[in-house]
Amino acid sequence: MRSRIRNDESAASTELGYVFTFLLGVLLLSMFAVWSFEIETSTRERWNLAAIDANLADISAAVERADLASRDGDGIKYAESVEWRYTEADETLFTLVLTDESLDLLHPETALQSSHSLSGTGIGNHTGQITIAGISHVWIIYEDGETRIDTMRPSF
């Protein structure tokens with residue numbers, strides 16, 4: 001038996017099918033990786049904004065309680081600690097400002113800036129500005145006709 005070389009190209013088309021199937025798989029996996037990364041990023045950003053809003057709501061509520069205590073009479077002192085929920089934002093750039101009308105959180109990224117209105121029903125003024133960098137608690141203090149925010153526990 002003599003063997004004869006033939007030009008059989010059916011195996012070549014099968015190999016090309018394998019290559020195109022592999023490339024299609026790589027393309028689909030790459031698209032899935034980008035898609036899942038975008039979902040993870042948007043979820044993290046949403047949770048970050050929810051933590052910021054919850055922090056401001058808790059501090060605003062404590063300021064309202066300090067205002068309520070201020071109406072009890074002369075010589076009243078009030079202090080309350082509010083835990084700051086950590087966020088994934090650069091907290092060294094956060095500045096918390098208490099004014100007579102609102103509690104404002106300032107940040108260079110406008111998406112992270114937030115503000116909560118205050119009723120202003122207290123007797124005194126509201127003051128205070130703190131940088132959030134590295135703190136775990138914010139103190140709301142009413143003393144001598146003034147409601148303020150601070151990072152340090154009051155000495156009274």
Side-chain angles (χ1 to χ4, degrees), residues 17-156:
Y18 291 154
V19 169
F20 287 130
T21 302
F22 173 76
L23 291 176
L24 179 64
V26 168
L27 175 70
L28 291 175
L29 284 175
S30 298
M31 288 173 48
F32 176 75
V34 169
W35 176 70
S36 62
F37 176 76
E38 288 175 0
I39 287 176
E40 187 268 335
T41 301
S42 66
T43 301
R44 186 174 357 105
E45 288 172 355
R46 188 175 64 246
W47 287 349
N48 201 27
L49 293 175
I52 290 169
D53 192 49
N55 283 331
L56 288 182
D58 290 348
I59 295 170
S60 296
V63 169
E64 296 290 345
R65 288 189 291 274
D67 283 348
L68 184 65
S70 74
R71 295 186 307 215
D72 284 344
D74 291 334
I76 297 293
K77 294 181 181 183
Y78 179 88
E80 181 178 348
S81 173
V82 176
E83 183 178 355
W84 178 264
R85 292 172 190 86
Y86 294 112
T87 64
E88 291 191 359
D90 185 2
E91 292 185 344
T92 60
L93 300 176
F94 277 138
T95 302
L96 191 61
V97 179
L98 179 63
T99 65
D100 286 333
E101 296 86 25
S102 65
L103 178 68
D104 303 318
L105 185 65
L106 307 176
H107 193 274
E109 284 185 46
T110 55
L112 297 176
Q113 291 187 15
S114 188
S115 180
H116 274 235
S117 296
L118 299 171
S119 67
T121 58
I123 293 174
N125 296 326
H126 296 149
T127 61
Q129 179 173 336
I130 58 174
T131 302
I132 302 298
I135 66 165
S136 61
H137 289 81
V138 175
W139 284 90
I140 293 78
I141 304 160
Y142 174 77
E143 183 179 23
D144 298 329
E146 180 180 80
T147 302
R148 68 180 193 277
I149 55 174
D150 203 343
T151 58
M152 304 298 291
R153 182 180 182 153
S155 60
F156 56 82

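Residues take their numbers from the sequence shown, with the count starting at 1. Note that this is a predicted model, so its numbers are computed, not measured.
The CG atom of Asp67 sits 7.5 Å away from the CG atom of Leu118 when rounded to the nearest 0.5 Å. Atoms CG and CD1, from Leu103 and Ile149 in turn, are 6.0 Å apart once rounded to the nearest 0.5 Å. Distance check, rounded to the nearest 0.5 Å: CG of Leu105 to CD1 of Ile132 gives 6.5 Å. Considering CE of Met152 and CD1 of Ile130, their distance stands at 12.0 Å, rounded to 0.5 Å. How far CD of Glu143 is from OG of Ser70: 13.0 Å, rounded to the nearest 0.5 Å. Here Leu106 contributes atom CG and Leu112 contributes atom CG; the two are 11.5 Å apart, rounded to the nearest 0.5 Å.
The two residues Ala66 and Thr147 come nearest to each other via the heavy atoms CB-CG2, 4.0 Å. Nearest heavy atom pair, residue Ile59 against residue Leu96, reads CD1-CD2, 3.7 Å. In plain terms, the two heavy atoms of Glu83 and His137 that are nearest each other are CA-CD2, 3.7 Å. Heavy-atom minimum distance, Tyr86 versus Ala51: O-CB, 4.3 Å. When all heavy atoms of Ser114 and Ile52 are compared, the closest pair comes out as CB-CG2, 4.4 Å.
The stretch residues 95-108 participates, sequence neighbours left out, in these side chain to side chain donor-acceptor pair (under 3.5 Å) pairs: Thr99-Ser102, Ser102-Asp104, Asp104-Ser115.
Side-chain atoms of Asn48 never come within 3.5 Å of backbone atoms of Thr87 as a donor-acceptor pair (strictly under, hydrogens ignored). Although no hydrogens or angles enter the test, the distance criterion places a donor-acceptor pair under 3.5 Å between the side chain of Glu64 and the main chain of Ser119.
Residues passing the side-chain contact (heavy atoms from CB on, under 4.5 Å) test with Val26, sequence neighbours excluded: Phe22, Ser30. Not counting sequence neighbours, the partners of Glu45 by the side-chain contact (heavy atoms from CB on, under 4.5 Å) test are Thr41.
Between Thr131 and Thr151 the shortest side-chain heavy-atom distance does not fall below 4.5 Å. Between Trp139 and Arg153 there is a side-chain heavy-atom pair separated by less than 4.5 Å. At least one side-chain heavy atom of Asp58 sits less than 4.5 Å from a side-chain heavy atom of Arg85.
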